[in-house]
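These values consider heavy atoms only, across backbone and side chains, with no hydrogens, waters or symmetry-generated copies. Letters A, B, ... mirror the listed sequences (proteins, then strands); counts begin at 1.
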There are 2 protein chains.
Amino acid sequence: MRPTVHDIAAAAGVSLATVDRVLNQRPGVRHVTREKVETAIRDLGYVRDVAAANLAKGRVYPLTFILPASDNSFMHGLNAEIRTAIARSATERTDIRIVEVPAFDPQALVRELQTVAAERPSGVALVATDAPEVRAAVDRLVQDGIPVVTLVSDLTGSLRHHYAGVDNIAAGRTAARLLGRFLGGAKGELAVLAGSMLVRDHRERLEGFASVMAQEFPALHLLPVLEGRDDPEVAHMLIANALGKNDGIIGIYSLGAGNRGLIRALKEKAIGRPLTVVAHELTAHTRAALVDGTIDAILNQDAGHEVRSAIRVLKAKADGLGVIDAQERIRLDIFLKDNLP
Amino acid sequence: MRPTVHDIAAAAGVSLATVDRVLNQRPGVRHVTREKVETAIRDLGYVRDVAAANLAKGRVYPLTFILPASDNSFMHGLNAEIRTAIARSATERTDIRIVEVPAFDPQALVRELQTVAAERPSGVALVATDAPEVRAAVDRLVQDGIPVVTLVSDLTGSLRHHYAGVDNIAAGRTAARLLGRFLGGAKGELAVLAGSMLVRDHRERLEGFASVMAQEFPALHLLPVLEGRDDPEVAHMLIANALGKNDGIIGIYSLGAGNRGLIRALKEKAIGRPLTVVAHELTAHTRAALVDGTIDAILNQDAGHEVRSAIRVLKAKADGLGVIDAQERIRLDIFLKDNLP
DNA sequence: ATTTTATTGATTTACGTACATCAAAATTGG
DNA sequence: CCAATTTTGATGTACGTAAATCAATAAAAT
């Protein structure tokens, strides 16, 4: 049987009230007594029954998710996953709120972080915009004792407790090797379509991609990055244009959103032309394109996993508990047409 | 605030005891009364607080994992993951037992299932051997009201509640496409190394592999399957032998265990020879081989995820609750040297 | 109409923890 | 050494549910 507070009290030779004071760091316990209790806790291997504790406290976890107000499939999907999690709130004792802030606007994000901090939620998850002032604002939250996890886009160098997202450098490297190997030693040019070089995850993907290409596939030459602002229309224009005037393009890496435009351009301009395409994010559009052969591979991060992981981690941190690292690692999914879910 | 049993009692105009009788399907409630209570439950959207219920019941979930006594890295890893889960038993209210049975022996598995059934655990997870008598034994367990999930290897057509493992046909298809694309249109022969064709997952992987190869890569010719019995020594002998007498082999698909022997054979016999290799299961050996270029891609199933998923599902089923399907889907991991965890 | 049986209500205890209150004991300061 | 203060103990209530007991009522059988 697992030890209870009663066992601790008996073992330490103190009363239940004292054990409670130690456990919940309430004042009024002498140093030596506190140590006796802590020793007993360690000796018996006591772990607080979180379910019972939460019941007694009537605890709920108010969590705030701060997302950029971007209009693309991925963000819509992320939003939907959070709303699904909200639907489970009753059973999970969470009280989740979604806040949207203008995309790519550090100031707005900082202001929102301050507003959120004032509400003292049990935890905050945010899609980080990579800027020093955001880092500072996050650090302030953490120092205030509020657990923070970054979602999808990390904020390295900050004090955030956890990052629920994929390793984007590895993603770029993986894309490069897939593309390089699929092209089987052919010589030619590669177009790279990104959302914006101002976003950290896009920069990182490009960095990983370029480095593997340079080292291992010298026969493939990278054209200057096309910035589609994650907008299908812009992406369409850029890709159609590039394919139109450059016959040497044999491969495309789309590392951002807005793939709807990319796919349309491919269907118009690349008929009968051998083109190997690797894109990010599995959506209805990219999925169809993968099945019909327009796209050769899709790299994906599972938004549902990211959201559930963020919630688990925030709850655990709020309770001062550890997490199962392997479980919280967000994996890079590689989809070919054969292993679609 | 979420409704409690008291609210249900008030709404239905009955006493707490009656609500309890309905909720826990105890006898002594008239049909009409039962319906009144059930209506109130539905109207108020009552969901039982599982944490409080478990606390009151002092509930633990005795779970039994039945594994084949196979001596390969994957089974060792699976075993280790279950032991890790056992270490979390205290906080998760589980009481997990591992039982080993001779591998590939339906009779032994059936006997064990009967023994286990007699102990009436809250749930059973088993690595299924595909045989009619096993199916029947599993069905008996399920009809007895004991939740059953298959682990790693499924038992289609049985009444098992859930399968915690990957889609092996998709895995084989994916391997075929990776190998085919990496070989870039070259013409030649492919060696396939399996454990045993008596195991369902191996048969399925081969089936998927062969079908994509036949349909989409006609220039590649499959040699007869080599059965290495998941044994490194046998695998080494078979592969060394095949490479020695067939110069036309340009690719290898290893769909079972025993990759240590495969890797050794490759290092001895394939120096300077262009060979594309796709293997299953990420272990210390295959990982090193992927990094040094001996293997080109590894397909993997995360044993930790499988075990945690099996436990979550068994607990949920034992409580008559639903599961989050997307969360319980075991994904096929594709590892290139760039996205290793 | 009376007995038997089936339903229902009322009430209590328990699970493990949190938290509050008041009294008792120990320690500290002067 | 006494008073003031700090520390500790004892005890009770609460959280939402489970489970048991016993009394009370209703319905069915005789």
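- The pair R97(A)-E119(A) counts as a salt bridge, with a side-chain nitrogen and a carboxylate oxygen less than 4.0 angstrom apart.
- Under 4.0 Å is where a charged nitrogen must lie from a carboxylate oxygen, and between R93(A) and D49(B) at least one such pair does.
- In this structure, the CD1 atom of I8(B) is 12 Å from the P atom of dA18(D), given to the nearest Å.
- Residues L113(B) and L141(B) meet the side-chain proximity criterion, which asks for heavy atoms closer than 4.5 Å.
- The separation between R2(B) atom CZ and dC15(D) atom P is 15 Å, rounded to whole Å.
- For N24(A) and R48(A), the side-chain atoms include at least one donor-acceptor pair closer than 3.5 Å.
- Annotation: proximity of residues 45-59 of chain B to DNA chain C (heavy atom, distance under 4.0 Å) is found for L55(B), A56(B), numbered in ascending order.
- In this model, the phosphate group of dT8(C) is approached by a side-chain N or O of R30(B) to a distance below 4.0 Å at OP1 or OP2.
- Side-chain contact between F74(A) and V152(A) is present, with heavy atoms from C-beta onward closer than 4.5 Å.
- At a threshold of 4.5 Å between non-hydrogen side-chain atoms, the residues V5(B) and Y46(B) count as touching.
- Counting heavy atoms from C-beta on, the side chains of P121(B) and L63(B) never come closer than 4.5 Å.
- When rounded to the nearest whole Å, the span between CD of Q25(A) and P of dC19(C) equals 11 Å.
- You'll find the side chain of N79(B) stays beyond 4.5 Å of the side chain of M75(B), heavy atoms only.
- In this structure, R34(B) atom CZ and dG9(C) atom C1' are separated by 16 Å, rounded to whole Å.
- Between S15(B) and dA10(C), a side-chain N or O to OP1/OP2 separation shorter than 4.0 Å is absent.
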Might you list the N or O atoms of the protein lying below 3.5 Å from N or O atoms in nucleotides 20-23 of chain C, with each pair's distance?
none

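- With rounding to whole Å, D319(A) atom CG is found 13 Å from dT17(C) atom C1'.
- dT17(D) atom P lies 9 Å from atom NE2 of H6(B), rounded to whole Å.
- In this structure, L16(A) atom CG and dA14(D) atom C1' are separated by 15 Å, rounded to whole Å.
- Comparing V29(B) and L23(A) along DNA chain C, the residue whose closest nucleotide (by nearest heavy atom) sits nearer the 5' end is V29(B).
- Between R331(B) and D302(B) no salt bridge is recorded (no basic side-chain N to carboxylate O distance below 4.0 Å).
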